[in-house]
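Here the structure comes first, spelled out in structure tokens, and everything after it is commentary.
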Amino acid sequence: MKKYSVSIKGIGSYVPSTVLTNKDLSDQFGVDENWPELYLGIKERRWVTDELTSDLGYMAALKALEDANMDIKDIDLFILATSSPDKIAPSTACIIGEKLKLTCPCFDVNAVCTGFLYGLNLSTSLIDSGAYKNILLVASETYSRITDKGHRDCVYFGDGAAAVVLSTSKTGWLSTKIYSDPTGKDGFVTPINSTFIMDGKAVFKAGSTNLPIAIKEVLNKLEVNINDVKYLVPHQPSIKMLQSIAQSIELPFEKVVTVMDRYANIAAASIPIALDTVVKKGDIQNGDLIILSSVGSGWTWGAGIIKWEK
């Protein structure tokens, strides 16, 4: 694996204002009030009312650009990670691009919950090759629009977006490795014009089995000791899966960043929202090593390490 001299120059996130607690879902849809927190670690989530995936992504992009102190004219490629687009065509990246008044290439990436890592993997190699200088990578999801509110699985997902601006780095680096196993294509399915169908046990097995292996492979290939890692910033499938992963890689759970208690699982946006949370708290400093990991429908999964430099 190559350590790309690329870093996150700006980061920002945006979530809808409407909060739905477990009690709200219990009152409205008859869902058991206690099991989401007990088994998943989820207390509440944000759901859109009239906002679209493009609206959330646009707001997150503005925040990342401001954080990077960059003008929209500085961006020469825009990638959107989403599995809940505004429409089949055009790409939601183009819809956001029009709002931002971008003139650079814009396109979507759909690797479901692993979409942000797939986008990072692509972006870092493109910057390293010299093809692009500054890439805006946004992850935005509105899973409430593809959720059966009458099914118990409605508790899992929330809506939100986050964005990063990626550019060359002097001392920091970023390296990711992505994987897929298409035999898992039936574990999580969203038919066109329908709501998602999830095999929760299959998702848990895929994540708790594949992610520790992927993380260990990345650590070994990059010659990073787990004891030197500041945080694991994973996507937010469930607290029990994250506990299982932490145990498997021998990482103290206090080093695992969790935000699912407030936001639930926001698919591709989970990792950058969690990362933005700790960055804004001031808990990440230049030189810190951060692991990223995610598993998604397909199956897709990935892991990576950032040596932080902003």
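These values consider heavy atoms only, across backbone and side chains, with no hydrogens, waters or symmetry-generated copies.
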So that I know where these two stand, are Tyr14 and Tyr263 an aromatic pair - ring centroids less than 6.0 Å apart? no
Glu44-Thr21 side chain donor-acceptor pair, cut-off 3.5 Å: no
Do you know which of Lys280, Lys281, Gln285 makes side-chain contact (heavy atoms from CB on, under 4.5 Å) with Asp283? Lys281
Please answer whether the main-chain N or O of Pro182 pairs with a side-chain N or O of Ser180 as donor and acceptor at a distance below 3.5 Å. no
Is there a salt bridge (Lys or Arg N to Asp or Glu O under 4.0 Å) between Asp55 and Lys99? Walk through the geometry before answering. CA-CA 9 Å; Asp55 296 320; Lys99 294 178 181 182; 2.5 Å; yes
Any heavy-atom pair between the side chains of Ile239 and Met260 that's under 4.5 Å? yes
Full working for side chain to side chain donor-acceptor pair (under 3.5 Å) between Thr195 and Asp148: CA-CA 6 Å; Thr195 54; Asp148 180 352; 4.7 Å; no
Between Arg45 and Asn22, is there a side-chain heavy-atom distance shorter than 4.5 Å? yes
At what distance, to the nearest 0.5 angstrom, does CD1 of Ile96 lie from CG of Asp108? 8.0 Å
Between Lys177 and Met1, is any pair of side-chain heavy atoms under 4.5 Å apart? yes
Side-chain contact test, heavy atoms from C-beta onward, threshold under 4.5 Å: evaluate it for Ile42 versus Val155 and give yes or no. no
Taking all heavy atoms of Pro234 and all of Val256, pick out the closest pair and write down the distance. CG-CG1, 4.0 Å
Examine distances only and state if a side-chain atom of Tyr118 and a backbone atom of Tyr179 form a donor-acceptor pair shorter than 3.5 Å. yes
Looking at Lys3 and Ser175, would you say the former's side chain and the latter's main chain have a donor-acceptor pair under 3.5 Å? no
Interatomic spacing from CH2 in Trp308 to CG in Asn286 - rounded to 0.5 Å: 8.5 Å
Please give me the minimum heavy-atom distance between Ile266 and Ser270, naming the atom from each residue. N-OG, 2.8 Å
Identify whether the distance between the nearest side-chain nitrogen and carboxylate oxygen of Lys9 and Glu309 falls below 4.0 Å. yes
Verify the cluster assignment for Leu222 and Leu292: are they in a single hydrophobic cluster under the rule of side-chain heavy atoms below 4.5 Å apart? no
Is the Tyr143-Tyr156 ring centre distance short of 6.0 angstrom? no
For Glu217, look at atom CD and say whether over 12 heavy atoms of other residues, nucleotides or ligands are found less than 6.0 Å away. yes
I'd like to check Asp261 versus Glu37 (side-chain heavy atoms, cut-off strictly below 4.5 Å). Are they in contact? no
Minimum-distance pair of heavy atoms, taken over all atoms of Ser54 and Asp86: OG-OD2, 2.5 Å
To the nearest 0.5 Å, how far apart are SG in Cys154 and CG in Leu20? 9.0 Å
Is there a side-chain contact between Leu166 and Asn134, using heavy atoms and a 4.5 Å cut-off? no
Step by step, work out the side chain to side chain contact (heavy atoms under 4.5 Å, CB included) result for Lys2 and Asp128. CA-CA 10 Å; Lys2 183 175 180 179; Asp128 182 74; 2.7 Å; yes
Salt bridge (Lys or Arg N to Asp or Glu O under 4.0 Å) assessment of Asp288 paired with Lys307: CA-CA 6 Å; Asp288 285 345; Lys307 182 181 180 184; over 6 Å; no
Same cluster (ILVMFWY, side-chain, under 4.5 Å), Ile291 and Tyr231: no
Cation-pi geometry met for Arg145 and Trp47 (6.0 Å, 45°): no
With no hydrogens and no angle check, do the side chains of Thr53 and Thr92 hold a donor and an acceptor under 3.5 Å apart? no
Just do the side chain to side chain contact (heavy atoms under 4.5 Å, CB included) check on Leu100 and Tyr58 with the steps written out, would you? CA-CA 7 Å; Leu100 291 170; Tyr58 169 71; 3.5 Å; yes
Give a yes or no on whether Met59 and Leu52 share a hydrophobic cluster (residues Ile, Leu, Val, Met, Phe, Trp, Tyr; joining criterion: side-chain heavy atoms under 4.5 Å apart). no
Carefully, step by step, assess Leu219 and Asn225 under the rule side chain to side chain contact (heavy atoms under 4.5 Å, CB included). CA-CA 7 Å; Leu219 287 167; Asn225 190 299; over 6 Å; no
Close side-chain approach of Leu136 to Ile75, heavy-atom, < 4.5 Å: yes
Decide yes or no on side chain to side chain contact (heavy atoms under 4.5 Å, CB included) for Phe116 and Val164, but give the supporting numbers first. CA-CA 10 Å; Phe116 182 73; Val164 295; 4.0 Å; yes
Does the Ser13 side chain pair with the main chain of Ala161, one donor and one acceptor, at a distance under 3.5 Å? no
Which heavy atom of Cys106 sits nearest a heavy atom of Cys94, and at what distance? O-SG, 4.0 Å
Cluster overlap Ile135 with Trp173, hydrophobic side-chain contacts below 4.5 Å: no
Backbone N or O of Val257 within a donor-acceptor pair of the Gln236 side chain at under 3.5 Å? yes
Tell me, with the steps shown, if Ser144 and Asp159 meet side chain to side chain donor-acceptor pair (under 3.5 Å). CA-CA 7 Å; Ser144 64; Asp159 302 336; 2.6 Å; yes
Check for a donor-acceptor pair, side chain of Asn220 on one end and backbone N or O of Lys216 on the other, with a separation under 3.5 Å. yes
Test salt bridge (Lys or Arg N to Asp or Glu O under 4.0 Å) on Lys63 and Asp67 and set out the steps. CA-CA 6 Å; Lys63 292 188 176 186; Asp67 190 51; over 6 Å; no
Which heavy atom in Leu211 sits nearest to a heavy atom in Ser294, and how many Å separate them? CD2-O, 3.2 Å
Looking at Lys205, is its backbone amide N or carbonyl O close enough to the side chain of Thr209 to form a donor-acceptor pair, meaning the two atoms are under 3.5 Å apart? yes
Could you go through the salt bridge (Lys or Arg N to Asp or Glu O under 4.0 Å) check for Lys43 and Glu33 one step at a time? CA-CA 9 Å; Lys43 297 180 182 179; Glu33 180 182 345; over 6 Å; no
Would you check if Ile284 and Leu275 make a side-chain contact, meaning some heavy-atom pair closer than 4.5 Å? yes
Please check if Ile178 and Ile127 belong to a single hydrophobic cluster, counting links between Ile, Leu, Val, Met, Phe, Trp and Tyr side chain heavy atoms closer than 4.5 Å. yes
Rounded to the nearest 0.5 Å, how far does OG1 of Thr114 lie from NE2 of His235? 7.0 Å
At what distance, to the nearest 0.5 angstrom, does CG of Leu232 lie from OG of Ser293? 4.5 Å
Closest approach of Ser84 to Ile146 (non-hydrogen atoms, all atoms of both residues): CB-CD1, 4.5 Å
Give a yes or no answer on whether the side chain of Asn210 reaches the backbone of Ala206 with a donor-acceptor pair at less than 3.5 Å. yes
Measure from the side-chain N and O atoms of Asp32 to the backbone N and O of Trp35, and report whether any donor-acceptor pair falls under 3.5 Å. yes
